[in-house]
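Supplied in structure tokens, the structure appears directly below.
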Amino acid sequence: MGTLADGVVAADWFLSAEYCPDGDEAVRAMRREVYWAGLEELSHRPGAGRARAALAVATGLAESPAESLALYCLHLWGVTEVRQQVSLVDDEGLVGRVDFLLRTRRGAPVVAEVDGALKYRTAVAGVPGGDRSNPLFREKQREDRIRRLGFGVVRLTWRDLMQPERAGMLLREAGVL
């Protein structure tokens with residue numbers, strides 16, 4: 001039997017646009033109702049309570065298992081104001097869509113990004129550091145624009161999420177916890 005974290009990852013995928021290509025909010029809500037009804041029928045079975053708890057956390061907006069795990073961690077730490085996949089715009093236009101938009105204890109906005117190594121593969125393969133085709137360079141420019149908008153930025157990796165005390169430390173340093 002899996003953990004609650006496993007359940008959040010699975011439920012997020014079930015509710016996601018990847019699993020359900022027409023994954024708009026109405027479709028997600030219908031899928032959630034169907035999932036709840038099925039869990040009610042199985043309420044006497046082992047693990048049903050954990051599955052209900054996972055569904056209560058899942059949003060279907062995570063774009064990777066790591067984002068689902070981050071959502072689970074935020075839930076465990078009691079972070080209640082969590083917005084996912086938020087588009088940010090500045091005077092140059094779209095800055096990008098951020099994984100999470102959070103608030104510090106004092107109300108200041110903080111972007112939390114969940115980073116995997118895959119999107120930076122080109123940089124590791126030897127693209128020169130200042131070249132616009134370098135994903136590390138592009139991400140640095142994007143982060144600079146986010147910070148100019150007044151947002152703090154926290155980056156979480158798989159390693160951080162697998163060591164929740166480390167991810168918690170990063171969020172505490174940013175004032176979220």
Using a 3.5 Å cut-off and no angle test, enumerate the donor-acceptor pairs between side-chain atoms of residues 157-164 and protein atoms at least two apart in sequence or in another chain.
from, atom 1, to, atom 2, distance (Å)
Thr157, OG1, Arg159, N, 3.4
Thr157, OG1, Asp160, N, 3.2
Thr157, OG1, Asp160, OD2, 3.2
Asp160, OD1, Arg166, NE, 2.5
Asp160, OD2, Thr157, N, 2.9

Which residues share a salt bridge (Lys or Arg N to Asp or Glu O under 4.0 Å) with Arg147, sequence neighbours left out
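Listed in chain order: Glu143.
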
Are Leu76 and Val110 in one and the same hydrophobic cluster, where Ile, Leu, Val, Met, Phe, Trp and Tyr link if side-chain heavy atoms are under 4.5 Å apart?
yes

Considering all heavy atoms, the nearest Ala174-Thr104 contact
O-CG2, 3.3 Å

Can you check whether Leu74 reaches Leu171 side chain to side chain, under 4.5 Å on heavy atoms?
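Leu74 reaches Leu171 side chain to side chain.
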
Run the numbers on Glu113 and Val98 for side-chain contact (heavy atoms from CB on, under 4.5 Å), then give the verdict.
CA-CA 6 Å; Glu113 293 279 71; Val98 298; 3.7 Å; yes

Point-to-point distance, once rounded to the nearest 0.5 Å, from CD of Glu67 to OG1 of Thr59
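Atom-to-atom, Glu67:CD and Thr59:OG1 are 9.0 Å apart.
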
Taken in chain and number order and not counting sequence neighbours, the residues that satisfy side chain to side chain contact (heavy atoms under 4.5 Å, CB included) with Ala112 are Phe100, Leu102

Where at least one partner belongs to residues 71-87, residue pairs that pass salt bridge (Lys or Arg N to Asp or Glu O under 4.0 Å), sequence neighbours excluded
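Only Glu81-Arg103 qualify under salt bridge (Lys or Arg N to Asp or Glu O under 4.0 Å).
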
Under the side chain to side chain contact (heavy atoms under 4.5 Å, CB included) test, which residues partner Ala10, sequence neighbours left out?
none

Taking only distance into account, with no hydrogens and no angle test, what donor-acceptor pairs under 3.5 Å do side-chain atoms of residues 87-97 form with protein atoms, sequence neighbours excluded?
from, atom 1, to, atom 2, distance (Å)
Asp90, OD1, Glu92, N, 2.8
Asp90, OD1, Gly93, N, 3.2
Asp90, OD1, Arg145, NH2, 2.7
Asp90, OD2, Arg145, NE, 2.8
Asp90, OD2, Arg145, NH2, 3.3
Arg97, NE, Gln85, OE1, 3.3
Arg97, NH2, Glu63, OE1, 3.1
Arg97, NH2, Glu63, OE2, 2.1

Should Val82 and Val176 be regarded as members of a common hydrophobic cluster, given that ILVMFWY residues are connected when their side-chain heavy atoms come within less than 4.5 Å of each other, either directly or indirectly?
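Same cluster.
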
Test your reading of the model: is there a side-chain donor-acceptor pair from Asp12 to the backbone of Ala58, 3.5 Å cut-off?
no

With a 3.5 Å distance limit and no angle check, can you tell me whether Arg50 reaches the backbone of Gly2 through a side-chain donor-acceptor pair?
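At least one qualifying donor-acceptor pair exists.
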
Who are the ring-ring contact (aromatic ring centres under 6.0 Å, His included) partners of Tyr35, not counting sequence neighbours?
Phe14

Nearest heavy atoms of Gly150 and Pro109, plus distance in Å:
O-CG, 3.8 Å

Among the clusters formed by ILVMFWY side chains lying less than 4.5 Å apart, do Val111 and Leu69 turn up in the same one?
no

Please report the shortest heavy-atom distance between Val114 and Ala70, naming the atom on each side.
CG2-CB, 3.8 Å

Scan for ring pair (Phe, Tyr, Trp, His ring centres under 6.0 Å) pairs involving residues 57-81, sequence neighbours excluded, and state none if there are none.
none

So, are Glu165 and Arg172 salt-bridged, with charged N and O less than 4.0 Å apart?
no

What pair of heavy atoms forms the shortest contact from Arg155 to Asp115, and how long is it?
NH1-OD2, 2.7 Å

Would you kindly confirm whether Leu71 and Val79 end up in one hydrophobic cluster when ILVMFWY residues are joined by side chain heavy atoms under 4.5 Å apart?
yes

Is there a donor-acceptor pair closer than 3.5 Å between any side-chain N or O of Asp144 and the backbone N or O of Gln141?
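Not confirmed, Asp144 side chain does not pair with Gln141 backbone.
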
How long is the gap from CZ on Arg31 to CG on Leu55, to the nearest 0.5 Å?
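Result: 11.0 Å between the selected atoms.
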
What's the shortest heavy-atom distance between Leu15 and Arg32, and which atoms?
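Taking Leu15 first and Arg32 second, the nearest heavy atoms are CD1-NH2, 3.3 Å.
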
Is there a path of hydrophobic side-chain contacts, each under 4.5 Å between heavy atoms of I, L, V, M, F, W or Y residues, that connects Leu149 with Val86?
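Per the 4.5 Å side-chain linkage, Leu149 and Val86 are co-clustered.
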
